[in-house]
Amino acid sequence: MPKPSRLSLTQDLVDLCFREETDPGPPATWEPLTDDDYVQTADRLFAEIGEEPLWIFAYGSLIWKPGFDSIACQRAAAYGWHRSFSLRIERGRGSPAQPGLMMMLSRGGRCDGVIYQVADDDKRVQIEKALRREISHRDSLASFRWLPVRTQAGETVRALTFWVGGTSRRIVRPLLPLDEVAGVLARACGHRGSCAEYLYNTVVHLAEFGIHDRNLWRLQEMVAKEIRAMHVREVAVETAGVEA
């Protein structure tokens, strides 16, 4: 595979997307998970993995901000799935006024990512930490599963993976075209940062593992172009206001 050219989406452009946003809190329709929910779900997953090594598959922000402890990591690929910005968010990196989009795995293709291995004597604790990072309400309980992934050495292992298919009402179907996704990512921002920052961090950290996702690469080019165009329009409006 040819080496990709330099990123179009730069830190300077990402910084233009930042704005101060207050946390609107969870939607009133959400039924938050309780401590008992997390404990019971972690117990179930711990029983399911048994004596096998625990691997957690990361394809987005878990790569650069896992929220759980690991002892090793390596590249791996999930076949029959691909990254898509299909998870609508109104909190975190979006707002009710300007909803954002986060990545999940949708059917078809191949997703190259990273698997993190958890210490054998720490599996139960780290499972619950991962759950508390990734899911927060009852609607998301169907969003994770054990997924077979293939390492670069050709070994197939099963790995705990979050936001794979599922039936959440937040999932946007059918898949959005890239130009529409780019428009959202260039504009959405929440109290935890912008969607543009999320895309930028993902592409940069994938590259550290030698992973080049063609759709993400095309998307970062489109988002960079959108941000530049928006900034030019804002400057033009401000200038016109001053001259008036």
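None of these values were measured; they are calculated from a predicted model. We use all heavy atoms of the structure for the numbers below, so side chains are in, but hydrogens, waters and symmetry mates are not.
Judged by distance alone, with hydrogens and angles left aside, the side-chain atoms of Gln220 form a donor-acceptor pair with the main-chain N or O of Trp217 at under 3.5 Å. Under a 3.5 Å cut-off, the side chain of Thr29 and the backbone N or O of Pro27 do not form any donor-acceptor pair. Looking at Arg150, its side chain never comes within 3.5 Å of a backbone N or O of Glu155 through a donor-acceptor pair. The backbone N or O of Gln40 sits nowhere less than 3.5 Å from a side-chain atom of Asp43 that would complete a donor-acceptor pair. Not one N or O on the side chain of Tyr116 forms a donor-acceptor pair closer than 3.5 Å with the backbone of Leu54. Arg75 places a side-chain N or O within 3.5 Å of a backbone atom of Gly210 that can act as its donor or acceptor partner. Here the side chain of His82 pairs a donor or acceptor atom with the backbone of Arg107 at under 3.5 angstrom. Put simply, the side chain of Ser194 gets close to the backbone of Glu197: a donor and an acceptor are under 3.5 Å apart.
Taking the side chain to side chain contact (heavy atoms under 4.5 Å, CB included) definition, one finds that Glu51 meets it with nothing, sequence neighbours left out. Not counting sequence neighbours, the partners of Phe144 by the ring pair (Phe, Tyr, Trp, His ring centres under 6.0 Å) test are Phe162. Arg173 pairs by the side chain to side chain contact (heavy atoms under 4.5 Å, CB included) definition with Ile171, not counting sequence neighbours. Annotation: side-chain hydrogen bond (donor to acceptor under 3.5 Å, both in side chains) contacts of Arg170 (sequence neighbours excluded): none. Evaluation of the side chain to side chain contact (heavy atoms under 4.5 Å, CB included) rule for Pro174 yields no partner, not counting sequence neighbours. A search for side-chain hydrogen bond (donor to acceptor under 3.5 Å, both in side chains) contacts involving Arg192 returns nothing, not counting sequence neighbours.
The nearest pair of heavy atoms linking Cys73 to Val114 is CB-CG1, 3.9 Å. Looking at every heavy atom in both residues, Phe209 comes nearest to Ile63 through CE1-CG2, 3.9 Å.
Ion pairing of Arg132 with Glu128 is present here, as a side-chain N (NZ or NE/NH1/NH2) and a carboxylate O approach within less than 4.0 Å.
Tested against Ile115 for a side chain to side chain contact (heavy atoms under 4.5 Å, CB included), the candidates Ile56, Leu147, Val157 yield a single pass: Val157.
Note: the hydrophobic cluster containing Met222 does not contain Leu175 (ILVMFWY, side chain heavy atoms under 4.5 Å, direct or indirect links).
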### Task
Given side chain to side chain donor-acceptor pair (under 3.5 Å), test Ser8 with Arg228 step by step and report yes or no.
CA-CA 11 Å; Ser8 299; Arg228 290 192 187 96; 5.5 Å; no
